[in-house]
Amino acid sequence: MDARKYLEQVRHIDEEIQSRMEEQKSLTASLVSSPQISEDSVTSSPKGHYDDKFVKIVEYSQDIDERVDKLFALKHEISSAIDSVDDRLYRLILRERYINIKNWEQIEDQLNYSHRQIIRLHGEALESFRKVYNMAQNGT
């Protein structure tokens, strides 16, 4: 896997988690708003036909929790890899872009740089990270 794809994993997993959470919220809302069941019966003891649906919602929650755990572990791993980059500004740009999942405008505002400067610095930061990442991958 190349260095940029390695870094972009966080964004992809985060987007997937957000999507699954929205889907779970929608499923739960549709089940609770069902005319045959009230919120009180949902919290007390659902019976019959709805049991399977509640089990699926719980399984969905567990799946989301597992993905969140994976995301935390990956963020920690990538953050440690970013720490290997020598330049403080490069580390900050990489961390804001790939760990904190900020867009270019947010990074520009935070660092008070123009768009062109941030893109140039990001390219330099990414190249610096590639060297560190490739050395780690090759075991040197």
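Sequence positions, counted from 1, serve as the residue numbers for this chain. Predicted model, so just to flag it, every value in this text is computed and none were measured.
Residues S79 and I99 come closest through the heavy atom pair N-CD1, 3.9 Å. Taking all atoms of both residues into account, the shortest heavy-atom contact from I107 to I93 is CD1-O, 4.4 Å. The two atoms that bring I13 and K70 nearest to each other are CD1-CE, 3.9 Å, heavy atoms only. When every heavy atom of V85 is checked against every heavy atom of S128, the shortest pair comes out as CG1-OG, 3.5 Å.
With rounding to the nearest 0.5 Å, the separation of NZ in K5 from OH in Y133 is 11.0 Å. Here the OH-CG distance, from Y113 to L89, works out to 5.0 Å after rounding to the nearest 0.5 Å. Between N134 atom CG and F129 atom CZ the span is 9.0 Å, to the nearest 0.5 Å. I101 CD1 to K75 NZ: the interatomic distance, rounded to the nearest 0.5 Å, is 5.0 Å. Rounded to the nearest 0.5 angstrom, I17 CD1 and I64 CD1 are separated by 8.5 Å. Q106 contributes atom CD, which lies 11.5 Å from atom CG of L111 (distance to the nearest 0.5 angstrom).
Within a 6.0 Å radius of CG in N103, other residues, nucleotides and ligands contribute more than 12 heavy atoms. Atom CG of D69 is surrounded by more than 12 heavy atoms from other residues, nucleotides or ligands within 6.0 Å.
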**OP:** For R120 and E124, run salt bridge (Lys or Arg N to Asp or Glu O under 4.0 Å): C-alpha distance rounded to whole Å, both residues' side-chain angles, the deciding distance at 0.1 Å, then the answer.
**Re:** CA-CA 6 Å; R120 178 184 56 79; E124 293 170 8; 3.0 Å; yes

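Cluster membership check: M1 shares its hydrophobic cluster with I82, using side-chain heavy-atom separations under 4.5 Å among Ile, Leu, Val, Met, Phe, Trp and Tyr.
The closest side-chain heavy-atom distance from L126 to L7 is below 4.5 Å. Side-chain contact between E15 and H12 is present, with heavy atoms from C-beta onward closer than 4.5 Å.
Taking the six-membered ring where the residue is Trp, H115 and W104 present perpendicular rings, their angle passing 60° and hence far from 30°.
A donor-acceptor pair under 3.5 Å is absent between the side-chain atoms of D14 and the main chain of V10, judged by distance alone.
For K25, the side chain to side chain contact (heavy atoms under 4.5 Å, CB included) test picks out no residue, with sequence neighbours left out. Looking at residues two or more places apart in sequence or on another chain, you find a side-chain hydrogen bond (donor to acceptor under 3.5 Å, both in side chains) between D63 and R20, R67. In this structure L27 satisfies the side chain to side chain contact (heavy atoms under 4.5 Å, CB included) test together with E23, sequence neighbours excluded. For E22, the side chain to side chain contact (heavy atoms under 4.5 Å, CB included) test picks out no residue, with sequence neighbours left out. R91 meets the salt bridge (charged side-chain N to carboxylate O under 4.0 Å, His left out) test with no other residue; sequence neighbours excluded.
A salt bridge (charged side-chain N to carboxylate O under 4.0 Å, His left out) check over residues 99-109, counting only residues at least two apart or in different chains, returns the pairs E96-K102.
Salt-bridge check for E127 with R130: passed, with a basic side-chain N closer than 4.0 Å to an acidic carboxylate O.
For Y98 and H122, the ring centers sit closer than 6.0 Å to each other.
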